[in-house]
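Report on one structure; see the data block that follows.
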2 protein chains.
Amino acid sequence: MATVPRMNEQESAAWLSLISLLELLPAALDAQLQRDARLTHFEYVLLTMLQRAPKHVMRMKALAAATSSTLPRLSHVVSRLEGRGLVERYPCEEDRRATNARLTPEGRRTVIRATPEHIATVRRLVIDVVSPEQLDQIAAIGDAILPGLDPERRLTRLFDGDVAD
Amino acid sequence: MATVPRMNEQESAAWLSLISLLELLPAALDAQLQRDARLTHFEYVLLTMLQRAPKHVMRMKALAAATSSTLPRLSHVVSRLEGRGLVERYPCEEDRRATNARLTPEGRRTVIRATPEHIATVRRLVIDVVSPEQLDQIAAIGDAILPGLDPERRLTRLFDGDVAD
DNA sequence: TGTTTATAGTTGTTGCGACAACTAATGGAG
DNA sequence: CTCCATTAGTTGTCGCAACAACTATAAACA
């Protein structure tokens, strides 16, 4: 490996900001959702994806892609949500290897009830404290970094309509 | 609670970028450090803080602040690192409630050996894929968001010289 | 000085995520 | 048609983080 130059002031400042955000923001989001809806942030995103999908159904595979997670992780999380009656699983007709995950009415109520307070938190912690220009900058920075983190391009096709059933 | 307006396109795009980064970047950093040095990102940051401190010693309290963590978490992590011979603990003389954590020579070797590959990864994943202007933007965005996440201002005084012993 | 309150740290329990191993069904290649 | 590789998903184990409960020392106060 060739020698890697140390970071300069500008780079260090940016990197420190970024890892601090990485450490603190997820904790803040999880804390609010846990308190108000007994959900992790990941569970909230998962339920939201199902809520937006046609008929509130997605294949596990598509749901894993949409939430940028692995199938093992998703399977465990869905098992827990199923135990709480928020999601139900049933085998997919067209491909009998596949499983569909569907939001139950109770699950819909949960996500609908949790959303306002969550959005308020996101606004309070992030959106309201940065300028509109900075919002665009965040999106652009994400567009620059994410492709390199996401070799299989899972997140990037979130809304390209790969739905199940 | 007053009604919270839904997010517009601009806000959603920024928010999606941000939570995607929050999900994927830590995993990528942990994976590299785990593979090359059997360290979590948190452990690497911790060792680096000790490495930079005078005499490679800090009080647990100061180390918790510097790594933006809680004392319980830190205590567990230091216990593990101590078991691997990378850190040692000893009671603080001036305040017998306190404990000092000191980097061992082996710990110093570990962090020194891990750093080049880690910096290379940070460059490859983040620094090299954004523009210099975007680096400044990241720092500015962090400055805007972090104070609201960090009520006790732990991170912000990382280098204000609150060292131990 | 004796009592209370605050500070510093450790430990135990619980829950989630990562990884590996496994089952089951599909799609090709011969 | 059969065999094999691939795909979809589940399950078990292990490691780490969060939270609560606890100990011990120091500081505040009366």
Side-chain angles (χ1 to χ4, degrees), chain A residues 22-35 38-46 58-84 87-101 152 154 162 164-165, chain B residues 22-35 38-46 58-84 87-101 152 154 162 164-165:
Chain A
L22 260 40
E23 190 73 35
L24 296 176
L25 237 193
L29 297 176
D30 277 330
Q32 177 266 318
L33 282 167
Q34 196 66 45
R35 176 169 49 79
R38 297 171 43 91
L39 293 174
T40 64
H41 182 250
F42 181 81
E43 288 168 339
Y44 175 79
V45 171
L46 190 163
M58 290 178 79
R59 286 198 190 172
M60 293 291 283
K61 186 73 198 295
L63 194 50
T67 56
S68 183
S69 85
T70 60
L71 272 173
R73 177 183 182 185
L74 183 67
S75 183
H76 279 130
V77 175
V78 169
S79 292
R80 278 180 250 137
L81 294 175
E82 197 172 23
R84 292 165 61 181
V87 168
E88 56 193 357
R89 269 188 283 210
Y90 62 95
C92 176
E93 292 300 323
E94 297 105 20
D95 185 341
R96 289 188 350 213
R97 293 171 299 182
T99 303
N100 285 334
E152 292 102 26
R154 295 178 300 191
D162 55 345
D165 218 358
Chain B
L22 260 39
E23 190 72 36
L24 295 176
L25 237 192
L29 297 176
D30 277 330
Q32 178 265 317
L33 282 168
Q34 196 66 45
R35 175 168 49 78
R38 297 173 42 92
L39 293 173
T40 64
H41 182 251
F42 181 80
E43 288 168 340
Y44 175 79
V45 170
L46 190 163
M58 291 179 79
R59 285 196 191 174
M60 293 291 284
K61 187 72 199 296
L63 194 50
T67 56
S68 184
S69 85
T70 61
L71 272 174
R73 177 184 183 186
L74 183 67
S75 183
H76 279 129
V77 174
V78 169
S79 292
R80 289 194 295 262
L81 294 175
E82 198 173 22
R84 290 165 62 181
V87 168
E88 56 192 358
R89 268 188 284 210
Y90 62 95
C92 177
E93 292 301 322
E94 297 104 21
D95 185 342
R96 293 198 338 222
R97 294 171 297 183
T99 303
N100 285 334
E152 292 103 25
R154 294 177 302 191
D162 55 345
D165 217 357

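Reminder, nothing fancy here: chain letters follow the sequence lines and each chain counts from 1.
- Partners of A/D30 according to the salt bridge (charged side-chain N to carboxylate O under 4.0 Å, His left out) rule, which considers only residues two or more places apart in sequence or in another chain, do not exist here.
- Of the inter-residue distances, the one linking A/H41 atom NE2 with A/T67 atom OG1 reads 11.5 Å to the nearest 0.5 angstrom.
- Residues B/T40 and B/Q34 form a side-chain contact, since some pair of their non-hydrogen atoms from C-beta on lies under 4.5 Å apart.
- Whole-Å rounding puts the B/E93 CD to D/dA26 P distance at 11 Å.
- The listed nucleotides are D/dT25, D/dA17, D/dT7; the one nearest the side chain of B/R96 is D/dT25.
- Near DNA chain C, meaning a heavy atom under 4.0 Å from it, residues 71-79 of chain B has B/L71, B/P72, B/S75, B/H76 in order of number.
- Remark: C1' of D/dT11 and CZ of A/R89 are 11 Å apart, rounded to the nearest angstrom.
- Think of the region where chain B sits on DNA chain C: with heavy atoms and a 4.0 Å cut, that region ends 5' and 3' at C/dT7 to C/dG12.
- Ranked by how close their nearest DNA chain C nucleotide is to the 5' end, A/R97 and A/F42 are led by A/F42.
- For DNA chain D, none of the residues of residues 26-35 of chain B falls under the heavy-atom distance limit of 4.0 Å.
- Partners of B/R97 under the salt bridge (charged side-chain N to carboxylate O under 4.0 Å, His left out) rule, at least two apart in sequence or in another chain, are B/D95.
- Atoms CG (A/L24) and P (D/dA18) sit 11 Å apart, rounded to a whole Å.
- Remark: B/E88 pairs with B/R102 by the side-chain hydrogen bond (donor to acceptor under 3.5 Å, both in side chains) rule, at least two apart or across chains.
- Between A/D95 and A/R80, the one whose closest nucleotide on DNA chain C sits nearer the 5' end is A/R80.
- Heavy-atom nearest nucleotides on DNA chain D were determined for B/E43 and for A/T99, and the one closer to the 5' end corresponds to A/T99.
- Proximity of A/R84 to A/L39: side-chain heavy atoms (C-beta onward) are separated by under 4.5 Å at one or more points.
- For A/Y44, the ring pair (Phe, Tyr, Trp, His ring centres under 6.0 Å) partners two or more places apart in sequence, or in a different chain, are A/H118.
- Put simply, CG on A/L63 and CG on A/L74 are 4.5 Å apart, with the number rounded to the nearest 0.5 Å.
- Considering only residues two or more places apart in sequence or on other chains, A/R89 meets the side chain to side chain contact (heavy atoms under 4.5 Å, CB included) condition with A/M60, A/S75, A/V78, A/S79, A/E82, A/T99.
- A/A101 and A/V87 get closest at one heavy-atom pair: CB-CG1, 4.2 Å.
- Evaluation of the salt bridge (Lys or Arg N to Asp or Glu O under 4.0 Å) test over residues 71-80 of chain A, restricted to residues two or more places apart or in two chains, returns A/E43-A/R80, A/R73-B/E23.
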